Amino acid sequence: MSTLAAARARRSPWRVTRRVLLRKPGRVIGLAIIVFFTLMAIAGPMLYPGQLAVDPDNIYASPSGAHWLGTDFAGSDVLQEVIVGARYVLLTAAISALVTAALGTTIGLVAGYHRGFTDSSLMRVTDFVLTIPGFPLLVVLSTIWNFGRPLEMGLVLGVTGWGGVARAVRSQTLSLRERGFLEAARGLGLSNTHIIVRELLPNIAPYVAMNLLLSVIGFIGAEVALFFLGVVPFTSSNWGVMLNEAVFAGGAINSPQALSYLLAPLVCILLLTLGIVLFLDAIDELFNPRLRERS
Amino acid sequence: MIEARNITRTYRSHGAITGARVVPALRGVSFSLPKGGAVSFIGESGCGKTTLGKILTGIETFDGGELVVDGVELSGLSARRRAPYFRRIQMIHQDPYSALNPTRTIEQTLEDPLRMRARETGGDRKAVEARAAELLELVGLSPEGVLGKYPHQLSGGQRQRVVIARALTVDPEVLIADEAVSMIDVSMRLGILSLLRDLRTRLGISLVFITHDVATARYIGEDGELHVIYRGSVIESGPTDTIIQTPVHPYTQCLLSAIPIMRGLELPGPQRLVPIGSLDERTEDTGCLFAPRCPFATDECEVAQPALTPWDPTHQHACLHAEPRQVAAMEIALSQ
Amino acid sequence: MTETIQQTDRPVDQPVEVSVSDLTVVYRTDLGELPAVSRASIDLVPGQITGLVGESGSGKSTLALAMLNAVPSPGRISSGSITVTGLGDVTKLAGRKLRHARGGTLGYVFQASQNSLNPLKTIGKQLLDLGRAHDVRDLRALVRRAAQLISEVGLDPDRVLDSYQHELSGGMRQRIGIVLALVLNARVLILDEPTTALDVLSQAAVLDIVRRVHRDSGLTTLIVTHDLGVVSEIADRLVVMYGGPNPEEGPATAVLHEPSHPYTRALIGAMARIVGDISAARVLPGRPPDLTTVPRQGCVFRDRCPLAMPVCAEEEPELVQWTPGRRRACHVEPTGVLS
């Protein structure tokens, strides 16, 4: 049974992931960027606890040895602000992604697998969710609800954003449903739960993952935009708040003094997006044994 | 084992403008499959033979007739009560490429149903593993070489063997093979066919063999019954060899004539027939369904559908102009 | 354009339309470049239907594509030549000339030609696209020619030209594939698995059409298939393929009646037939050849061969003429194979 053992070892998830990632340098870079920002989000607020230092004598300073990215309108260090602000942005995106994945996958799978009445009623709900304009809703909700914590913001983004994932999962499920292996599983008398979890889910996982990563980019954009527009009260420090301050308080559009203050969060968002896009390339191979075994 | 009486199935296609159109897939099919026996259904694509296979495995429902499995009439039972009967009947799919889950190894594919079975019979993990290996050996694969692999790493023939092993995990009494070898290399077909034949003789599993190729049907069930289906109804039936040697329905004769001749080994039958035109579902159903393509059709064929009538005690046909013709190839003796 | 046709030890002293000689096609893999076709030689005689039979993995489809110089990446033709009368060596053609050769002199019907039509365009539109790609001036004449061919293959031209792919059955699409391959007056027709996925009646109809257009248009035809039955029904000459050099070739009837290579014999023995003794059929042991497992040295068939001898592991047999019109590559004597 040595060949079998060897085959099992070769398929251990870590080795598979490593091999798939190393196949193209872009994937490693993408993952590195994502990990970098995740670490930043976890460690940031611990590095600089409490309120950031304020220096009224040194506002809108240019980048220097003491302040690598200059200072803001209050004289706080921009780099520290970026680092501390990462948590809110990423945590919100993570929560909304989680909600989207859970709702979208479950609803899409159940609708596609059971078809009939279940399908049509679930899809009407999905259509309804898809027609909710998520962003304006947030603007309206923000007048009555405090989005100071990532949880609320993430929940609202997630609950309004799962429609696309559900649609994609359902159409995949419908096409897989007619495949021989699902008919066989039903014929063998395997339970519906087993069929959905063991047979269907692995086949739609790449679509879920891809839709999810793409929607994360959208979520980041949406939350940052909310703060940038200033429709949400600034109870926390994050990249959106920074952009707002740089443009509306610092006048970065007219004067160059707040430029680094403006660019820092922008570049972070772009980098994170780039990281996700680069990493997306690896998803299909990670989930598809046919692609990943090709060494 | 299985007794089917007058099974009908009709599909309704919903056209927004043209209105609903009724397409009969099966128009009253009856047959009986004894324990350990073999029945073949022959017909071209679109004749309803795949629908029949799906009805027999419970994937598709039927809307008329009776299906009796092990003495129990199934149409009266609830879906839940029916399930255990359908589990005794397992399907071997045509396409071994889509019949296996691409994201799961052969080991996982086999052990899921085996574990379900073990929960019912009280087997443990060891028994499950042993049974998986035993089944793979039974279908002619080496467990070490196959268990850890994904379907895409196997050849078409190997995959079909895995599909058969998976069907055997629930100890079925009947296997339905729907074009089980048509997507496999001709050179590898005989291996699968002889495996199915072996399962019949060694395990006493009954076979329903659905195909367009009379030659493979002959190999599976030489001693069995053969039913020729045309547009949802059986137009000729009888013992396999009788039908091949003395077919009396013109459609059966067309099917037999279409089989390629192995020149150098066989001579074409002197009365080979070619059907007129191709299968058209939309023609009127008043007369004999095959009449529009039949070289021997006369006016009386347009009047009513001929019923299945006996030609001799074992051999039935549904044709007004039934006549035996020598259409099948004839063997040339080898000069050695 | 005059071309000197390369002289090979052709079995019959006949004019040759297409001469494949010593063709090797390799695929780049992680294990280095592996040959999918290795030193294959086939001559297509004008007016004859040649059947190329092999299991999946024998390189038969690769060989057919190589005849259009269209081996998909990561494969490439590494050595040998394909000489076509009037075109010269196809492996040396490139760009515009190559494009015109494909679909022009060389008509090709794809393996999945049931699916090789564009689902968004009518057949007529695709026909015009084909004409424009080949700089056909008189498109009306092209449509007239197509209409004539369509009725020759037993379909209604007006209806077919206005149809989309999904409105036609598998057998009908296969016929359209043949029409499109011939509409630019091809002289050589290459069909890759023309009847796979068709039922016996459609298969018989398609084979009948191939036979008819072959005769009426005076074509040189190559049918590539894994089904010995198809070849025996229609082919004049039979070429068996297996990983390396062709094991056997010759007139179809003679090869089937008296196979001189253990592989041919095993292939015939593994057919499920409607006549003859069922218990005489023998399962072909082992697996079809595979790019990675085919032996590099000696006879490629020896692992599955019931007659293998020590010499088979060391020396690759040469393809030699043994009786007029027939060639074989085997260390065992021809008489030893049949008995």
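Hydrogens, waters and symmetry mates are skipped; everything else that's a heavy atom, side chains included, is used. We name chains A, B, ... by the order of the sequence lines, and we start the count at 1 in each one. Note that the structure is a prediction, hence the values are computed from the model and not measured.
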Check whether any side-chain heavy atom of B/Pro260 lies under 4.5 Å from a side-chain heavy atom of C/Gln203, and answer yes or no.
yes
Check whether any side-chain heavy atom of C/Leu201 lies under 4.5 Å from a side-chain heavy atom of B/Arg293, and answer yes or no.
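Counting from C-beta outward, C/Leu201 and B/Arg293 do come under 4.5 Å.
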Test your reading of the model: is there a side-chain donor-acceptor pair from B/Arg189 to the backbone of C/Ala270, 3.5 Å cut-off?
no
Do any N or O atoms from the side chain of C/Thr253 and from the backbone of B/Gly264 form a donor-acceptor pair under 3.5 angstrom?
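Checked: no pair found.
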With a 4.5 Å cut-off on heavy-atom pairs, point out which of [options] contacts chain C the most.
{"options": "B/Gly191, B/Ser257, B/Ser187, B/Ala217", "value": "B/Ser187"}
{"options": "B/Gln158, B/Met183, B/Glu179", "value": "B/Gln158"}
{"options": "B/Glu331, B/Arg218, B/His212, B/Met262", "value": "B/Arg218"}

State the [atom1]-[atom2] distance between [X] and [Y], to the nearest 0.5 angstrom.
{"X": "C/Arg273", "Y": "B/Thr216", "atom1": "CZ", "atom2": "OG1", "value": "14.5 Å"}
{"X": "C/Leu198", "Y": "B/Ser45", "atom1": "CG", "atom2": "OG", "value": "7.5 Å"}
{"X": "C/Leu256", "Y": "B/Ile261", "atom1": "CG", "atom2": "CD1", "value": "12.0 Å"}
{"X": "C/Ile274", "Y": "B/Asp213", "atom1": "CD1", "atom2": "CG", "value": "9.0 Å"}
{"X": "C/Glu233", "Y": "B/Glu266", "atom1": "CD", "atom2": "CD", "value": "10.0 Å"}

Side chain to side chain contact (heavy atoms under 4.5 Å, CB included) evaluation trace for C/Leu238 with B/Arg263:
CA-CA 12 Å; C/Leu238 177 59; B/Arg263 283 181 303 151; over 6 Å; no
Heavy-atom pairs under 4.5 Å with chain B: which of C/Gly229, C/Ala204, C/Ala266 has the most?
C/Gly229
For a quick test of reading the model, state the closest non-hydrogen atom pair linking [X] to [Y] and the distance between them.
{"X": "B/Leu190", "Y": "C/Gly269", "value": "CD2-O, 4.1 Å"}
{"X": "B/Leu193", "Y": "C/Ala272", "value": "CD1-CB, 4.1 Å"}
{"X": "B/Ser194", "Y": "C/Val283", "value": "OG-CG2, 3.6 Å"}

Would C/Val200 and B/Leu255 satisfy side chain to side chain contact (heavy atoms under 4.5 Å, CB included), going step by step from the backbone distance to the final call?
CA-CA 7 Å; C/Val200 274; B/Leu255 276 180; 3.9 Å; yes
For [X], which atoms come within 4.5 Å of any heavy atom of chain C: side chain, backbone, both, or neither?
{"X": "B/Ile259", "answer": "both"}
{"X": "B/Leu195", "answer": "neither"}
{"X": "B/Ile244", "answer": "side chain"}

Which of these, C/Leu228, C/Asp227, C/Val53, C/Val230, sits in a side chain to side chain contact (heavy atoms under 4.5 Å, CB included) with B/Val186?
C/Asp227
Under the salt bridge (Lys or Arg N to Asp or Glu O under 4.0 Å) rule, what pairs show up with a residue in residues 50-59 of chain C, not counting sequence neighbours?
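Sorted result for residues 50-59 of chain C: C/Glu55-C/Arg304.
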Not counting sequence neighbours, list each pair that qualifies as a salt bridge (Lys or Arg N to Asp or Glu O under 4.0 Å) and has a residue in residues 238-247 of chain C.
none
Is C/Ile278 in contact with chain B via its backbone, its side chain, both, or neither, using a 4.5 Å heavy-atom distance?
both
With a 4.5 angstrom heavy-atom cut-off, which part of C/Val255 approaches chain B: side chain, backbone, both or neither?
neither
